[in-house]
Amino acid sequence: MENKVRSSNFELLRILALLMIILDHIVIHCMNGQLVGSQTILNQPMFFKRMQLLNIAMTFGYIGNNIFILISGYFLISKTDKSNLLKTASKLLSQQGFAATILVLLTASVQIIKKNSISWLLNIDIFNNMAWFVGFYFMIIVIAYLFLNRFLAKLDMNEYLIFLAVLFVFVEMGWTGEMIESIATGLRVLLNGVFLFALGGFIHRFEPLRNIKVYIFFIVLLLSYGLIYISNYNTTNVNIANYIATGSQGVFQQSIATYANYHIGIELISISLFAIFMRLHIGSSKIVNFFGAATFMVYLTHDNTFFYAIWSRLNWIQILVNSPVKFVIAHIGMAILTFIFGVILYSLYLGLSKIIKENARRIFFLQ
């Protein structure tokens with residue numbers, strides 16, 4: 001989307017999606033480590049209800065990923081100019097290179113000043129391994145520009161629906177999903193991304209959600225989370241029953257649920273949030289649009305050992321045991337602070353890019 005026509009409701013959705021991803025990563029890379037294999041007080045059956053906060057948070061990252069793909073499909077489905085691939089690749093590489101450089105220099109500086117543990121010290125190899133989602137997203141964009149958008153443009157509404165339905169079934173069904181994954185690792189996730197991109201395009205082109213009341217999507221969202229909660233509740237109760245049946249020997253180990261981008265509940269929640277925000281009429285806000293544009297840089301900068309070390313300074317498990325309310329506040333607060341750090345780096349990136357472009361013009365003019 002060009003800056004002058006950016007829709008702030010979708011930019012607000014981008015911000016929410018990125019915050020959800022950060023919340024999820026804090027659970028995966030910090031809370032899970034503090035919980036698993038430890039004798040913390042939380043590893044007792046009496047605290048299993050509080051564990052549901054972590055299980056719910058574990059859905060956030062996958063929902064956030066799906067939302068980014070839906071938004072891209074909604075706005076890029078009509079794009080067929082292959083030259084845009086170069087622009088996309090340039091943007092991804094330049095921001096990734098900047099983020100990697102800053103993180104390497106930052107961690108080295110802190111190491112020199114504080115003389116702390118080097119366990120979180122980053123090197124330039126982070127450039128190639130910053131975030132799996134970058135390569136995943138670029139692959140979907142390549143598929144879209146090379147042939148998917150042209151193929152979908154030829155379909156009428158019924159043909160488009162058939163394509164979406166068949167692709168969805170292939171991804172969701174266990175046997176076909178395992179077959180797809182056996183062909184190439186990650187192929188099932190990739191095809192789910194193609195489905196979401198195409199679904200975003202279908203929503204834009206045919207407007208199938210226009211006559212559906214917005215409260216329906218809230219109901220779907222709540223029901224989906226309700227089923228996820230009940231599933232986790234049942235699983236934990238079975239674990240407690242087995243623990244008691246064996247004489248309650250040793251430490252009871254709480255478990256954190258795992259999901260996938262193509263989990264049916266994740267899909268329904270992602271689509272519902274997209275539909276809800278699509279209905280928002282908030283005009284165009286420069287502030288919201290700027291923060292929305294910064295989300296890619298935030299994504300790049302936060303998922304590494306440097307931030308894991310910062311997040312781990314809090315004893316998350318003890319906070320959850322003492323007060324679920326304080327835990328939620330601390331969790332959201334840490335995610336917001338992490339987001340702000342990424343926005344600051346994005347501002348520096350824009351400033352540096354401007355300086356480089358201006359100097360390049362001067363050099364070219366002199367020549």
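Just so it is clear, the model here is predicted, and its values are computed rather than measured.
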**Prompt:** Hey, is the main chain of Y262 close enough, under 3.5 Å, to the side chain of R188 for a donor-acceptor pair?
**Reply:** no
What pairs of donor and acceptor atoms, side-chain ones from residues 297-304 against any protein atom, are under 3.5 angstrom apart with sequence neighbours left out?
residue : atom : partner : partner atom : Å
T301    : OG1  : M297    : O            : 3.1
T301    : OG1  : V298    : O            : 3.2
H302    : ND1  : V298    : O            : 3.1
H302    : ND1  : Y299    : O            : 3.0
H302    : NE2  : H25     : ND1          : 2.7
D303    : OD1  : H29     : NE2          : 3.4
D303    : OD1  : Y308    : OH           : 2.4
N304    : OD1  : F306    : N            : 3.1
N304    : OD1  : F307    : N            : 3.2
N304    : ND2  : T301    : O            : 2.6

### Message
Between F133 and F136 (judged by ring centroids, cut-off 6.0 Å), do the two rings come close enough to count as a pair?
### Response
yes
The side chain to side chain contact (heavy atoms under 4.5 Å, CB included) partner of Y160 among N158, D156, L164 is L164
The residue among L280, L18, I67 that forms side chain to side chain contact (heavy atoms under 4.5 Å, CB included) with L13 is I67
- prompt: Is the centre of the F202 ring less than 6.0 Å from the centre of the F206 ring?
  reply: yes
### Task
Could you tell me whether the side chain of S182 and the main chain of M179 form a donor-acceptor pair under 3.5 Å?
yes
Taking T101 for the side chain and G97 for the main chain, is one N or O donor matched with an acceptor at less than 3.5 Å? yes
Residues I28 and N32: closest non-hydrogen pair is O-CB, 3.3 Å
Are the ring centres of F170 and F195 closer than 6.0 Å? no
Review point. Is N192 close to N66 at the side-chain level, that is, under 4.5 Å between some pair of heavy atoms?
Key: yes
Tightest non-hydrogen contact, residues Y145 and K79, listed as CE2-CB, 3.4 Å
Between N261 and I266 the two heavy atoms that sit nearest each other are O-CG2, 3.9 Å
Whether N9 side chain and F277 backbone form a donor-acceptor pair below 3.5 Å:
yes
Going hydrophobic residue to hydrophobic residue with side-chain gaps under 4.5 angstrom, can you get from M31 over to L337? no
For I26 and A335 the tightest heavy-atom approach is CD1-N, 4.1 Å
TODO: Determine, using ring centers only, whether F10 and F274 are less than 6.0 Å apart.
DONE: yes
inquiry  = Please verify the inter-ring angle class for Y259 with H263; under 30° counts as parallel, over 60° as perpendicular, anything in between as tilted.
reply    = perpendicular
Point to revise | Under 3.5 Å: donor-acceptor pair, side chain of T176, backbone of E172 | key: no
Tightest non-hydrogen contact, residues S8 and S285, listed as OG-N, 2.5 Å
